[in-house]
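The block underneath contains the structure these notes are about, expressed in structure tokens.
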Amino acid sequence: MTVTPLGIPRRLLEFTLDGEPVRAPEGSTILDACRAAGKDVPTLCEGDTLTPKNACRVCVVEVEGSRTLVPACSRRAEPGMEVRTGTERARHSRKVVLELLASSVDLSTTPRVAGWLKEYEAKPDRFGPDAARVDEEPRVDNDLYVRDYGKCILCYKCVDACGDQWQNTFAISVAGRGFDARIAVEHDAPLTDSACVYCGNCIEVCPTGALSFKSEFDMRAAGTWDESRQSETTTVCAYCGVGCNLTLHVQDNEIVKVTSPHDNPVTHGNLCIKGRFGYQHVQNRD
């Protein structure tokens, strides 16, 4: 029998969200409360397994008494606060941020961005092709995953996942300053010459596809990647006795990638190299 820990009971806070009274557990963010209330506040860099970075600034909302817009992903809900999510000021800010991001990086593989660009009437094309932050081919220097800096929004989630928040390998960091800032391994070397242990936890948290499975990258290049034809099956990794959960993504009876459920109390979405990439033997028919 699986025992699910219930955690420590939390006090409920009362505040106003778009004119309606709501209650949220103590410690919740404004974004948590918005989602619980069924309000769609867009965000790119927020992740449920990492400490918020406030990097993308797409989720800003208005809080009564605050001089500036506040990021909903990191601002904690407080008793009595008045939050407005859809004001003209907040929507205009999201529109501009989406325009700047979509004009400088490729967001074609970022979930839901196409819908947000349309909803907020963002026009990233008005900045022209010279707005591209990085113009280089994806780096394919190993058989497991691909780095495409043209899709990187510098949210630093991969740095956190590789560093002290999960893996503690510290293979990935920020190199350069200002417009030259980029995510890199030591000395900007090929991945095979770095300290990377190929756990793939950076891919798990990347919101834009700047880090992707080699299998997915190849299938997208060939035009065969089709998530509508994929099924997901969660199972237990058989490599050791830890009990990590694996979610197998299967298309045309082939495993195309492996993720892990973020709500699993063992892995919290993280895996090792064997769990993440060691599935080829399953579909070896020889």
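Throughout, numbering of the chain's residues begins at 1 and tracks the sequence.
Using a 4.5 Å cut-off on side-chain heavy atoms (C-beta onward), T68 and S66 make contact. Annotation: side chain of V61 is in contact with side chain of I30 (closest heavy-atom distance under 4.5 Å). Taking the side chain as every heavy atom from C-beta outward, W116 and L44 approach each other to under 4.5 Å. Counting heavy atoms from C-beta outward, L271 and Y239 have side chains that stay 4.5 Å or more apart. In this structure the side chain of L17 reaches within 4.5 angstrom of the side chain of T85, judged on heavy atoms. Taking 4.5 Å as the limit, every side-chain heavy atom of F15 sits out of range of all side-chain heavy atoms of P21. No side-chain heavy atom of K157 sits less than 4.5 Å from a side-chain heavy atom of C206. At a threshold of 4.5 Å between non-hydrogen side-chain atoms, the residues C73 and N54 count as touching.
With hydrogens and angles ignored, the 3.5 Å screen pairs a side-chain donor or acceptor of T87 with a backbone N or O of A90. A donor-acceptor pair is defined here as one N or O able to donate and one able to accept, closer than 3.5 Å; such a pair exists between the side chain of Q280 and the backbone of F277. One N or O on the side chain of W166 and one on the backbone of T49 form a donor-acceptor pair closer than 3.5 Å. The backbone N or O of Y120 sits nowhere less than 3.5 Å from a side-chain atom of R94 that would complete a donor-acceptor pair. Side chain of N142 to backbone of L144: a donor-acceptor contact under 3.5 angstrom is found. At least one donor-acceptor pair closer than 3.5 Å links the side chain of Q165 to the backbone N or O of T51. R84 contributes no side-chain N or O that, together with a main-chain N or O of D18, makes up a donor-acceptor pair within less than 3.5 Å. Side chain of S215 to backbone of K257: no donor-acceptor contact under 3.5 angstrom is found. Looking at N264, its side chain never comes within 3.5 Å of a backbone N or O of P261 through a donor-acceptor pair. Side chain of T109 to backbone of T208: a donor-acceptor contact under 3.5 angstrom is found.
Atom CZ of R57 sits about 12.0 Å away from atom CG of L101, to the nearest 0.5 Å. With values rounded to the nearest 0.5 angstrom, D148 atom CG is found 7.0 Å from D106 atom CG. Distance check: L98 CG to S93 OG gives 9.0 Å after rounding to the nearest 0.5 Å. The line from CG of N201 to CG of L211 is 11.5 Å long, rounded to the nearest 0.5 Å.
Using the six-membered ring where Trp is involved, Y145 and Y198 have ring planes that are perpendicular, over 60° apart on the 30 and 60° scheme.
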### Message
Assess the residue pair K214 and V140 against the criterion (side chain to side chain contact (heavy atoms under 4.5 Å, CB included)); give the C-alpha distance rounded to whole Å, side-chain angles, the decisive distance to 0.1 Å, and a yes or no.
### Response
CA-CA 8 Å; K214 179 68 160 47; V140 186; 3.3 Å; yes

### Query
Taking it one step at a time, do C56 and T43 satisfy side chain to side chain contact (heavy atoms under 4.5 Å, CB included)?
CA-CA 7 Å; C56 74; T43 177; 4.2 Å; yes

### Message
Run R182 and V174 through side chain to side chain contact (heavy atoms under 4.5 Å, CB included) and show every step you take.
### Response
CA-CA 6 Å; R182 58 191 293 147; V174 182; over 6 Å; no

### Steps toward side chain to side chain contact (heavy atoms under 4.5 Å, CB included) verdict (V83, E62)
CA-CA 6 Å; V83 180; E62 281 202 71; over 6 Å; no

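Within a 6.0 Å sphere centred on CG of D143, other residues, nucleotides and ligands contribute 12 heavy atoms or fewer. A 6.0 Å sphere centred on NE2 of H92 holds no more than 12 heavy atoms belonging to other residues, nucleotides or ligands. The local environment of CD in E137 is sparse, with at most 12 non-hydrogen atoms from other residues, nucleotides or ligands closer than 6.0 Å. Other residues, nucleotides and ligands contribute more than 12 heavy atoms inside 6.0 Å of the CD atom of E136.
Contact check on E119 versus K95 returns no salt bridge, with no Lys/Arg side-chain nitrogen under 4.0 Å from an Asp/Glu carboxylate oxygen. Salt bridge R10/E26: absent, no basic N to carboxylate O contact under 4.0 Å. Here D180 does not pair with R133 in a salt bridge; the nearest charged N to carboxylate O distance is not below 4.0 Å. Ion pairing of R35 with E46 is present here, as a side-chain N (NZ or NE/NH1/NH2) and a carboxylate O approach within less than 4.0 Å.
The hydrophobic clustering, which links ILVMFWY residues whose side-chain heavy atoms are closer than 4.5 Å, places L246 and F213 apart. Residues V22 and L12 do not share a hydrophobic cluster, defined by chaining ILVMFWY side chains whose heavy atoms lie under 4.5 Å apart. V146 and M219 fall into different hydrophobic clusters, defined by Ile, Leu, Val, Met, Phe, Trp and Tyr side-chain heavy atoms under 4.5 Å apart, directly or through other members. Cluster membership for Y279 and V250, using ILVMFWY side-chain heavy atoms within less than 4.5 angstrom, is shared. Linking Ile, Leu, Val, Met, Phe, Trp and Tyr residues whenever their side-chain heavy atoms come within less than 4.5 Å places V258 and V282 in a single cluster.
Relative to the ring axis of Y149, R139 does not place its NZ or CZ within 45° and under 6.0 Å from the centre.
Residue C45 comes nearest to A55 through the heavy atom pair SG-N, 3.5 Å, listed as atom of the first residue, atom of the second, then distance. Heavy-atom minimum distance, C152 versus V105: O-CG1, 3.2 Å. Scanning all heavy atoms of the two residues, the minimum distance from I183 to C158 falls at CG2-SG, 3.7 Å. Pairing each heavy atom of D141 with each of T192, the nearest pair is O-CG2, 3.3 Å. Across all non-hydrogen atoms, the minimal contact from R147 to V185 is NH1-CG2, 4.1 Å.
In this model, a donor atom of one side chain and an acceptor atom of the other lie less than 3.5 Å apart for E204 and H262. Between D32 and T29, the side chains place a donor N or O and an acceptor N or O closer than 3.5 Å (distance only, hydrogens not considered).
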